[in-house]
*Asks:* 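I'd like to ask you about the structure that follows.
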Amino acid sequence: MHDWWNSSTTDEVHVLVEVERAKGAEPFNPDRFELPIGMLFGLANDGLVDKKGRPFPLQAAVIAREFADVIVFTQPPPAFQRVALGL
């Protein structure tokens, strides 16, 4: 589990991420990880996130459901997400 943020209001941040399959995990397409990250940063750039930089609930639900194979949100709790996304 991790979190990304830039505490500066003036300095730009660049991040380089290497994505690998976890030992024993199912095979996956690493390009699928890049898509939701780009979407989340795009939403932030367009001002479509809350003050903590999180997408609004409906958008988060759509992203979480579509990209469940490569990304997992930790909030709200997973049990709540399973029920909510099932709807």
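All values below were derived from every heavy atom in this structure, side-chain atoms included, with hydrogens, water molecules and symmetry-related copies excluded.
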*Asks:* Ile71 and Leu48: same hydrophobic cluster, using ILVMFWY side-chain contacts below 4.5 Å?
*Replies:*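 Shared cluster, yes.
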
*Asks:* Would you say Val70 and Leu35 make side-chain contact, with heavy atoms under 4.5 Å?
*Replies:*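 Result no, sub-4.5 Å side-chain heavy-atom pair not found.
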
*Asks:* Are any non-hydrogen side-chain atoms of Asn29 and Asp69 less than 4.5 angstrom apart?
*Replies:*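 No; the side chains remain at least 4.5 Å from each other.
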
*Asks:* Does one hydrophobic cluster hold both Val62 and Leu43, with members joined at side-chain heavy-atom distances below 4.5 Å?
*Replies:*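 In one cluster: no.
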
*Asks:* Would you tabulate the side-chain donor-acceptor contacts of residues 50-61 under 3.5 Å, counting partners in other chains and residues two or more places apart, or write 'none'?
*Replies:*
residue : atom : partner : partner atom : Å
Asp50   : OD1  : Lys52   : N            : 2.9
Asp50   : OD1  : Gly53   : N            : 3.0
Asp50   : OD1  : Arg54   : N            : 2.9
Asp50   : OD2  : Arg54   : NE           : 3.0
Asp50   : OD2  : Arg54   : NH2          : 3.2

*Asks:* Specify the closest pair of heavy atoms between Arg32 and Glu66, including all atoms of both residues, with the distance to one decimal.
*Replies:*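 The answer is NH2-O, 2.7 Å.
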
*Asks:* Following the transitive rule for hydrophobic clusters with a side-chain heavy-atom cut-off under 4.5 Å over Ile, Leu, Val, Met, Phe, Trp and Tyr, establish whether Phe80 and Ile63 coincide in one cluster.
*Replies:*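 No: no chain of side-chain contacts under 4.5 Å links Phe80 to Ile63.
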
